[in-house]
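Notes follow the structure.
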Amino acid sequence: MKLNITKPIIKYRNISKSFGSLRVLNDLSLDIAPNEKVALIGPSGSGKTTLGRLLMTLERPDAGTIEVDGEMLWHKEVNDQLMAADEKHLHRIRSKIGMIFQQFNLFPHMNVLRNVTEAPIHVLGLSKEEAKEHAVAMLKKVGLGERMEHYPSQLSGGQQQRVAIARALVMKPKVMVFDEVTSALDPELVGEVLAVIKEIASEGEMTMLLVTHEMDFAREVADRILFMDGGAILEQGPPEQIFGNSQNPRTRDFLSRFV
Ligand code: ADP
């Protein structure tokens, strides 16, 4: 697929973010093209998750701007109060972005189908029938067409994570952030979740930001790999460059731990 990086769907500009005295992102800028699949790799604590959470408006930067699909998320010059007060604006932005976390965060008292239909009914205003139709299609896509009446506690971690993916997909976001989505899973359940993500990625119609420690997965699914360390992007490029011909000793050192 041809990527149009001259018309990015995501623009991070000079983003800095600290937690207390800890500087987590350091003047970071990044453009992501529509439908591009970007994998973020790097040591723990290098700021990868924070980059995703900023996009989801779960954190706000101390400095810099972020634009998604032509809309400014946080803009230091527009005062913070105004942005925070503008719920409609945040709501519109959030509806463009789906995020899947390490923990599945399903509603425990709802069956699988209701977990997936809740937001389409209450946020998008779909009828119950319409929401069910969409939910069933998404649950089939993630291989859970036979589990719709089950409750989360009756499912394996891999199945729960696939429900979480269906729940995000049914909102038809333009951008999906996958934040170490297999880190909490038993090793034998990792493959089924990665396979679902690979399939979604191969359909092409979604921009994806993938924070991952699964290097083979990153290599297969991503158009571009970003190596982060110390709150900055130290190296980036297509998978064959990063994994096969990295120019940065820190990238090479990091990757050597995975062989
Ligand atoms: P990564 O995803 O690369 O492991 P993170 O973005 O999760 O890195 O975190 C970077 C650093 O910021 C870590 O040291 C983490 O402990 C710290 N951090 C992240 N979120 C918070 C928070 N809400 N409060 C305090 N420290 C945080």
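Whatever order the structure lists ligands and atoms in, that order sets their numbers, starting from 1. Basis for what follows: all heavy atoms, side chains included, without hydrogens, waters or symmetry-related copies.
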Hey, is atom 19 (C) of ligand 1 under 4.0 Å from any protein heavy atom?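 So far as the 4.0 Å threshold goes, atom 19 (C) of ligand 1 is in reach of a protein heavy atom.
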Exam field: side chain D253 to backbone P249, donor-acceptor pair closer than 3.5 Å: no
Answer yes or no: is there a donor N or O on one side and an acceptor on the other, between the side chain of T207 and the main chain of N35, under 3.5 Å?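 Present.
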Closest non-hydrogen protein atom to [atom], residue and atom name please, with distance?
{"atom": "atom 13 (C) of ligand 1", "answer": "G45 CA, 3.9 Å"}
{"atom": "atom 3 (O) of ligand 1", "answer": "K48 NZ, 2.8 Å"}
{"atom": "atom 8 (O) of ligand 1", "answer": "G47 N, 3.2 Å"}

Atoms of ligand 1 less than 4.0 Å from S46 heavy atoms? 1 (P), 3 (O), 8 (O)
Ligand-side contact atoms (ligand 1) for residue partner P43, heavy atom cut-off under 4.0 Å: 3 (O)
Of L51, V211, V24, which has the heavy atom at the shortest distance from atom 10 (C) of ligand 1?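 Nearest heavy atom to atom 10 (C) of ligand 1 lies in V24.
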Side chain, backbone, both or neither: which part of L22 comes within less than 4.0 Å of ligand 1 when only heavy atoms are counted? side chain
Applying a 4.0 Å heavy-atom criterion (strictly less than), which segment of T50 is in contact with ligand 1: side chain, backbone, both, or neither?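 Both backbone and side chain of T50 come within 4.0 Å of ligand 1.
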Got [X] and [Y] here, is their nearest side-chain heavy-atom distance under 4.5 Å?
{"X": "E192", "Y": "Q159", "value": "yes"}
{"X": "E67", "Y": "I10", "value": "no"}
{"X": "I242", "Y": "L255", "value": "yes"}

Quick one: list whatever passes salt bridge (charged side-chain N to carboxylate O under 4.0 Å, His left out) with E118, sequence neighbours left out.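 Salt bridge (charged side-chain N to carboxylate O under 4.0 Å, His left out) list for E118, sorted by chain: R114.
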Can a donor-acceptor pair be found between the side chains of D62 and S16 at a distance below 3.5 Å?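 The answer is no; no qualifying pair exists.
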Heavy-atom contact under 4.0 Å between G20 and ligand 1? no
Below 4.0 Å from any atom of ligand 1, is there a heavy atom belonging to S44? yes
With sequence neighbours excluded, residues passing ring-ring contact (aromatic ring centres under 6.0 Å, His included) with F107: none
Does any N or O atom in T49 lie less than 3.5 angstrom from one in ligand 1, N or O only?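 Looking only at distances, the answer is yes, because the N/O contact criterion of under 3.5 Å is met.
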Close N or O approach (F19, ligand 1; < 3.5 Å): no
Ion pair E235/R250, N-O distance below 4.0 Å: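 Salt bridge absent between E235 and R250.
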